[in-house]
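What follows is a set of notes on a single structure, which appears directly below.
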Amino acid sequence: MRGTSDQTERPPLNRDGIPLSSADIPFYASLSRRDLLKYTGYASLAAFLAACGANSTSSSGTTAAATGGSVSVGSYHSDPAEAQGFQQVADAFTAANGGTTVKINKVDHGTFQDQISSYLQGTPEDAFTWFSGHRMRFFAAKGLATPIDDVWDKVKGNFSGAFAESVKGNDGHIYGIPVDYYPWGVFYRKSVFQAGNYKVPTTWDDFKALCAQMQKDGLIPLTLGDQDGWPAQGWFDIINLRLNGYDFHVELLTGKQKFTDQRVTNVYSKWAEITSYYNPAATGTKWQDAAGLLVQKKAGMMLIGLFVSSQFLPAGQDALADLDFFPFPQLGTQYDAENALDAPIDVMMISKKSPTLSKNLGQAKAYMEFWAKGSTQLTAAKAQGLGVLPTGNDTDTSSFTPLTQKSVQIIKNAKRITQFFDRDSRPDFSGANGMQSFLLTFLKNPKGDIKGLQGTMQQFWDSLPPEA
Amino acid sequence: MAETTTRGGPAPAEDKAGAGPLVRRRRRHVLLTRQDRLILALMVCVPLIFDLALIWGPTGASVVFSFTNWDGIGPIAAQNFIGLKNYATLFGSYIFFRPALLHNLEWLAFFAFVATPIGMLLAVLLDREIRGSRVYQSILYLPVVLPLVVVGFIWELQYGGTAGFINNFFGLIKSHHVVDWLGDPSINLLAAVVAASWRHVGYVMVLYLAGLKSVDPTLREAAKVDGANEWQTFVRVVFPVLLPINVIIAVITAIESLRAFDIAYIINHGKNGLELLSTLITNNSISEASLIGFGSAIAVVLLVISLVPIVTFLLAANRGNQG
C-alpha cells in the first residue's frame, strides 16, 4: 500500500550487509584466533545457506491452460491486513478459474523493493507486485518482464487513458495491469478545522495565513516525517508542479532541464516560506509518527498520500470518518489550472525468468485479467482501509466512503498527473544518497545557500552514468 | 564486498594447519597412511574451497566489477569495461564519498577513545570478583546478543523527535528545545555511534575479561610482594602481559568502525549526516539504483583501507603463536 517509495517500511537488514556479528561468539568463548575464525566460518556458511534458500520458488502446475494448474505470485503486501486481502483475491481467482491455485510468496515490503533487481533476474515467481512509471519501464526495458498486450486488449475498455499510458513500456508494449492508485493532498481532521473555525485554503496566502493562525492556537500547522527521505519529495513535486508546470517538472526529473535553473530556485524559496510551520525534528521523524500528530490532533495538516488512512484505522472508524483532505493550494501561476498532483499507480506484472512461467503463462495471464476487474481491486483496496483506490471503471463505488469519492473526483479534475519523484526520475538520483539527501539538506537550512545546493544537485546528476 | 575483509583470515590458518605435518613428512620421511593423507587432504581442501568460493571469489568479483558500469542485469560484455572511470568519479566528483570517509574516521575515533576504553575498564572492574559480577556481565553483554534490528528499534525509541524517550524525559518538548537526534546532521552521527557503542562496549568487555582471567595470578602476587599498587600492577604487569589480547581488541575496534553499517542503515539508510562507506556501497549496488560497478569501486576502496588492520592482526597473531 505504501508503495510510494524506497524506504517506506523499516529497512530490512540486508543479509549481505551484515557480516559476522559479535553476537555469534558465545559469552565465555575462548579467545584463540582459531576459534574466532571458526565462528566466522560458521557465519559465512549460514549466510550461504540462507542465500540458497532465499529464492525458493514453488510451483507444480500441470498444463498451460487458463483453468487448473497453478500460478505463483511474489507479493510485497507484507502487512497482515493487506496480505489477507491479497489472499482473498487469490481464493476468488481459484474459485473463478476452475481451481487454478495461486502460490503467494509474501516478502517484506522494503526487502522486496531493495532486492527487486536480483529477484527478477534469479528465479522470480510468475507474477509480481510492482509500481508503474520509470520503475516499471526500467525492468521492462531490461527484458525482465513479459509483455501482456494480449491481456490488455481484452481489458483495456475498463481503464481510462491515463492508466493505459502508465503501463506502457519504452517499446510501446504493455507490461502491467494497474490495480490501484491514490492521490497526494493536504490531509486534515474535520473536527480540528471546525473547532478552530478554519477554512480550507485555496490560495498560497490563505494557506500561509491558516498556518500562522494554527501556530497561534497552539497547533503544529504542518506535520512532516522525513526521516526516510521520500516524504519531502511530495512537497518538491507539488510546489514545482504548481509553480513551473507539468512539462518543466517532467523534463527536470528526466534530465532535460537543469537543477541549477532559476525556476528550481523559486521552488525552494517558495517552500522556505512555510518550513517554519513544520513540526520540530521533522527530519528525524518517520512518516507514521508524523501522521500520529495528525491523529492525535496535535498537528493541523499533512501533505501525504491517501494511504495515511491506515494510520487512522487503529483510532477507530470515527477517526477515519473525521479525516479529510484538499488539493494543494494554488500559487497564482498559469499552471494552477493544470490541477496537477502526484497520484502513484501500483501494478501487477508478469516476470520473464520464472522457471515455471513456460507452463504457467496461461494461468498468469488469466491472473492478470482477474486483477483488471474492479471487484478484485476493491477486495484488495478494502483490506488496505481504502487507502488506495481501485482503477477499473466497473468498480462498485457504492461502498466508497466520502473520502474515497472525493479522492476519485480530485484525480478526475486533474489535467496532469505525475507518479511521484522516485517513480518519475531515475532511481540512482532519487534515492538515499541523492535527492532524498538534497531535500534533507534544504530542510535543515531552508534559507541557506540554495544556489550551492542546486549546483551540487546538478553536479550529482551529471556524475551519473548515461541511462541505457 | 566489504565484509569479506573481516572474514579474510582463514586462509593462512588452514594453510598452517595443513602444511605443518606435510613439511615434516618430507623432511623426516615419516610415512602417513593413505587414510591419514586422505583425511588431511580433505581437511585442507574442503575449507579451502569454501574459503575461495565464499570469500576470495566475491572479493575478486568486486574488484573486477569496479572496472565496469555493469547494472547487475544480464552478462558483462566487453563494452561494460570502462577502466578507471568509477574511481575517477569516486575521487573526483562523487559528493558523498568524502563525508562517508570522514564519518568512518569519526566512528573509529569514538570507538577507539571512548567505547573500547570503557569496555576495558568494565572488564577490569568485573575481574575484581565483586559481588554480583555475573549479573553485571550478563547485563552489559546483553546488547551484543540482541539482534541488530532490535538494537536499532530500541535506539529509535530513545532518539525519536516528539515521540522519543530522551526528548520527553528531559522535558525538551515542553520547553520547546526538541533535539532532532536522528535528523540533525550535526549530531545524528554521534547518536548513532553511541547506539553502536552500546554493543561494542559489551563485546570488548567480554574479550578483555577472558584475557584478564588468563593472566597468571602469581604475577599479580609477585607485583604485590614487590609493593606495587593496583594501578602500577595493571599498567606495568597485566597490560603488557595481555599484549595479544590488546592487539586483537585494537584490530576489532578498527574493523568494527570500518564496517559500521547497521545502525546507520536502520536509522535512515545512511544519509543526511550518516553517510558511511558501507551504506554507500549498499545504496549504490544493492538498491534499485543498480550501480553495481560504482558500488564495487567503493567496496574496493574499503577493502584496501581494511587491509591495514587485518594485516596488522595477522602479523601480530602469527607472531603470538610462534612466540
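Since we're looking at a predicted model, the values are computed, not measured. Order of the sequence lines sets the chain letters (A, B, ...), proteins ahead of strands, with each chain counted from 1.
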If you compare all heavy atoms of B:Pro185 against all heavy atoms of A:Lys444, which two are closest, and at what distance to 0.1 Å? CD-CD, 3.4 Å
What I want to check is whether the side chains of A:Ser437 and B:Asn272 have a donor and an acceptor closer together than 3.5 Å. no
Given heavy-atom pairs under 4.5 angstrom as the criterion, report whether the side chain, backbone, both or neither of B:Ser93 touches chain A. both
With rounding to the nearest 0.5 Å, note down the distance linking CZ in A:Arg426 to OG in B:Ser290. 10.5 Å
Using non-hydrogen atoms and a 4.5 Å limit, figure out which bit of A:Ala290 sits close to chain B: side chain, backbone, both or neither. neither
Between B:Thr162 and A:Pro280, the two heavy atoms sitting closest are CG2-CG, 4.1 Å
Can you tell me how far the CG atom of A:Asp228 sits from the CD1 atom of B:Ile267, to the nearest 0.5 Å? 11.5 Å
Side chains of B:Glu156 and A:Lys286: does their closest heavy-atom pair fall under 4.5 Å? yes
A:Asn433 vs B:Leu280 side-chain heavy atoms within contact, under 4.5 Å: yes
Examine whether an atom of A:Leu144 lies under 4.5 Å from a heavy atom of chain B, and if so say whether it belongs to the side chain, the backbone or both; otherwise answer neither. side chain
In this structure, CG of B:Asn268 is separated from CD of A:Gln436 (nearest 0.5 Å) by 9.0 Å
Heavy-atom donor-acceptor pair, A:Gln121 side chain to B:Gly72 backbone, under 3.5 Å: yes
Counting distance only, does the side-chain N/O of A:Gln227 pair as donor-acceptor with the main-chain N or O of B:Leu182 below 3.5 Å? no
OG of A:Ser118 to CD1 of B:Ile286: how many Å apart, nearest 0.5 Å? 8.5 Å
So how far is it from A:Thr283 OG1 to B:Asp184 CG, rounded to the nearest 0.5 Å? 6.5 Å
Please flag which part of A:Phe429 lies under 4.5 Å from any non-hydrogen atom of chain B: side chain, backbone, both or neither. neither
By a 4.5 Å heavy-atom criterion (distance strictly below it), what part of B:Ile73 contacts chain A: side chain, backbone, both, or neither? both
Interface residue of largest heavy-atom contact number with chain B, from A:Ser117, A:Ala281, A:Gly225, under 4.5 Å: A:Ala281
Between B:Tyr159 and chain A, with a heavy-atom cut-off of 4.5 Å, which part of the residue counts as in contact: side chain, backbone, both or neither? neither
Once the angle between the rings of A:Phe460 and B:Phe96 is folded into 0 to 90°, is it parallel (under 30°), tilted (30 to 60°) or perpendicular (over 60°)? perpendicular
Heavy-atom distance under 4.5 Å to chain A: side chain of B:Ser214, backbone, both or neither? neither
Side chain, backbone, both or neither: which part of A:Leu464 has a heavy atom under 4.5 Å from chain B? side chain
So how far is it from B:Glu288 CD to A:Asp428 CG, rounded to the nearest 0.5 Å? 10.5 Å
Using the side-chain hydrogen bond (donor to acceptor under 3.5 Å, both in side chains) criterion, which residues pair with A:His134? Sequence neighbours excluded. A:Glu467
Between B:His269 and A:Asp114, does the side chain to side chain contact (heavy atoms under 4.5 Å, CB included) criterion hold? Intermediate values first, please. CA-CA 11 Å; B:His269 277 213; A:Asp114 284 342; 4.0 Å; yes
